[in-house]
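For reference, the structure discussed in these notes is given below.
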Amino acid sequence: DVVVVQSGGGPVQAGGSLNLSCTASTASTAYACTYDMSWYRQSPGKEREFLGRIDTTGQTTYGDSVRGRFAISQDNTDPYPVYLRMSSLTPEDTGMYYCKTDRIYGDWRCKVGGQTFWGHGTQVTVNS
């Protein structure tokens, strides 16, 4: 199965910036897999919110609440980490941030177990 590992997060002052990273991978190096990836946020008392997405061509889309403030990018070197760069943060951006695979490409062994795998989440707290 695919494993999604996140890093980054923590406390930040309002108006500040913060970067998160996410890497999807399999245990085997015998075959190559690539991924369309998305970022979501779960804020207290709210439903999980779509933040943005990047596909394997580098094309990005964003949710309305973060467009222009958040940017998603991907490193072109193995293991191809995906980054969520957040700026102009407000207390409303506080929440648990998750990345997930949207679609998996490559060897058939990449897709054993399905297409959707979630990271463990990372907390972002924006202090006013």
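- In this structure, OG in Ser38 is found 7.0 Å from CD1 in Ile72, a value given to the nearest 0.5 Å.
- Between Arg85 and Ser73, the closest side-chain pair of non-hydrogen atoms falls below 4.5 Å.
- Open room surrounds CG on Asn76; 12 or fewer heavy atoms of other groups in view lie less than 6.0 Å from it.
- The distance from atom CD of Glu92 to atom OG1 of Thr90, rounded to the nearest 0.5 Å, is 4.0 Å.
- Applying the ring pair (Phe, Tyr, Trp, His ring centres under 6.0 Å) test between Phe50 and each of Phe70, Tyr97, Tyr40, Tyr98 identifies Tyr40 as the sole match.
- One hydrophobic cluster, built from ILVMFWY side chains closer than 4.5 Å, holds both Val82 and Tyr62.
- Pairing each heavy atom of Glu47 with each of Gln42, the nearest pair is C-NE2, 3.7 Å.
- The hydrophobic clustering, which links ILVMFWY residues whose side-chain heavy atoms are closer than 4.5 Å, places Leu89 and Met96 apart.
- Looking at heavy atoms from C-beta onward, Ile104 lies in side-chain contact with Tyr35 at the 4.5 angstrom threshold.
- Remark: Leu51 CG to Asp64 CG distance equals 11.5 Å, nearest 0.5 Å.
- By the 4.5 Å heavy-atom criterion applied to side chains, Ile54 and Trp39 are not counted as neighbours.
- Environment of CZ in Arg103: sparse, with no more than 12 heavy atoms of neighbouring residues, nucleotides or ligands closer than 6.0 Å.
- Looking only at side-chain heavy atoms (C-beta outward), Lys100 and Val4 stay at 4.5 Å or farther from each other.
- Counted within 6.0 Å of CD on Gln13, heavy atoms from surrounding residues, nucleotides or ligands total more than 12; the atom is thus considered enclosed.
- Of the possible polar contacts, none joining the Thr56 side chain to the Asp36 backbone as a donor-acceptor pair under 3.5 Å is found.
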Using a 3.5 Å cut-off and no angle test, enumerate the donor-acceptor pairs between side-chain atoms of residues 20-34 and protein atoms at least two apart in sequence or in another chain.
{"residue": "Ser21", "atom": "OG", "partner": "Ser7", "partner atom": "OG", "Å": "2.4"}
{"residue": "Thr26", "atom": "OG1", "partner": "Ser28", "partner atom": "O", "Å": "3.2"}
{"residue": "Ser28", "atom": "OG", "partner": "Ala30", "partner atom": "N", "Å": "2.9"}

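- A distance of 12.5 Å separates NZ in Lys111 from OG1 in Thr101, rounded to the nearest 0.5 Å.
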Between side-chain atoms of residues 117-128 and protein atoms elsewhere (two or more places apart, or another chain), which donor-acceptor pairs fall under 3.5 Å?
{"residue": "His120", "atom": "NE2", "partner": "Gln6", "partner atom": "N", "Å": "3.3"}
{"residue": "His120", "atom": "NE2", "partner": "Gln6", "partner atom": "O", "Å": "3.2"}
{"residue": "Thr122", "atom": "OG1", "partner": "Gly8", "partner atom": "O", "Å": "2.7"}
{"residue": "Gln123", "atom": "NE2", "partner": "Gly95", "partner atom": "O", "Å": "3.4"}
{"residue": "Gln123", "atom": "NE2", "partner": "Thr125", "partner atom": "OG1", "Å": "3.4"}

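- Arg69 places a side-chain heavy atom less than 4.5 Å from the side chain of Asp93.
- With sequence neighbours left out, the salt bridge (charged side-chain N to carboxylate O under 4.0 Å, His left out) criterion links Glu49 to Arg41.
- Within the model, atoms CG of Asp55 and CG of Asp102 stand 9.5 Å from one another, a figure rounded to the nearest 0.5 Å.
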